[in-house]
Amino acid sequence: MSSRRSRQSGSSRISDDQIIQLVSKLQQLVPEVRQRRSDKVSASKVLQETCNYIRNLQREMDDLSDRLSQLLTTVDADSEEARIIRSLLN
């Protein structure tokens, strides 16, 4: 089997070259991977770090949302600050 074969995913096909390009893009986007000095990071490591990064972002979003909700209870409901906080929560 060729290393440049196409993979079947539902009705769409993706080549090994496309997978390599996508992993490379992830490598550039995820800080933990991007900061590594070596360009030789396995695709599985890039995917693991990407998953960890997304989980951390979700936790940060949840934390910020909780903090904004708490802050909203301390300001006048009709104030500009409350309007801004509500817009951030939506």
**Q** Contact between Gln58 and Ile54 at the side-chain level, heavy atoms closer than 4.5 Å - yes or no?
**A**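 In short, these two side chains touch, coming nearer than 4.5 Å.
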**Q** Indicate the atoms forming the closest heavy-atom contact of Arg55 with Asn52, along with that distance.
**A**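 Closest heavy-atom pair between Arg55 and Asn52: NH1-OD1, 2.9 Å.
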**Q** Inspect the contact between Asp63 and Arg59 and indicate whether a charged nitrogen and a carboxylate oxygen are less than 4.0 angstrom apart.
**A**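 No, Arg59 and Asp63 are not salt-bridged.
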**Q** When rounded to the nearest 0.5 angstrom, what is the spacing between CD in Gln27 and CG in Leu47?
**A**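 The CD atom of Gln27 sits 10.5 Å away from the CG atom of Leu47.
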**Q** Nearest 0.5 Å, please: how far is CD in Glu81 from CG in Leu71?
**A**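 Leu71 atom CG to Glu81 atom CD measures 9.0 Å (nearest 0.5 Å).
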**Q** When you measure from the side chain of Ser65 to the backbone N and O of Asp62, does any donor-acceptor pair fall under 3.5 Å?
**A**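 No, because the side chain of Ser65 does not come within donor-acceptor range (under 3.5 Å) of the backbone of Asp62.
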**Q** Please confirm whether the backbone N or O of Ser15 pairs with a side-chain atom of Gln18, one donor and one acceptor, at under 3.5 Å?
**A**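 Yes, the answer is positive, given that a donor and an acceptor are paired below the 3.5 Å cut-off.
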**Q** Distance check, rounded to the nearest 0.5 Å: Leu64 atom CG versus Leu57 atom CG?
**A**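 One gets 10.5 Å once the value is rounded to the nearest 0.5 Å.
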**Q** Locate the shortest heavy-atom distance separating Tyr53 from Val30; write the atom from each residue and the value.
**A**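 Residues Tyr53 and Val30, closest heavy atoms: CB-CG1, 3.9 Å.
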**Q** Taking all atoms of both residues into account, what is the closest heavy-atom pair of Val23 and Val46, and its distance?
**A**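 Scanning both residues, the minimum pair turns out to be O-CG1, 3.7 Å.
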**Q** Is it true that Leu22 and Leu29 fall in one hydrophobic cluster, defined by side-chain heavy atoms closer than 4.5 Å?
**A**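 Leu22 does not cluster with Leu29.
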**Q** When you measure from the side chain of Arg86 to the backbone N and O of Ala77, does any donor-acceptor pair fall under 3.5 Å?
**A**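 Judged by distance alone, yes, a pair lies under 3.5 Å.
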**Q** Find the distance between OG1 (Thr74) and CD1 (Ile85) and round it off to the nearest 0.5 Å.
**A**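 The CD1 atom of Ile85 is 6.5 Å from OG1 of Thr74, to the nearest 0.5 Å.
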**Q** Find the distance between CD (Glu49) and CG (Asn56) and round it off to the nearest 0.5 Å.
**A**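 So the CD of Glu49 and the CG of Asn56 are separated by 9.5 Å.
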**Q** Going hydrophobic residue to hydrophobic residue with side-chain gaps under 4.5 angstrom, can you get from Leu88 over to Val75?
**A**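 Linked within one cluster.
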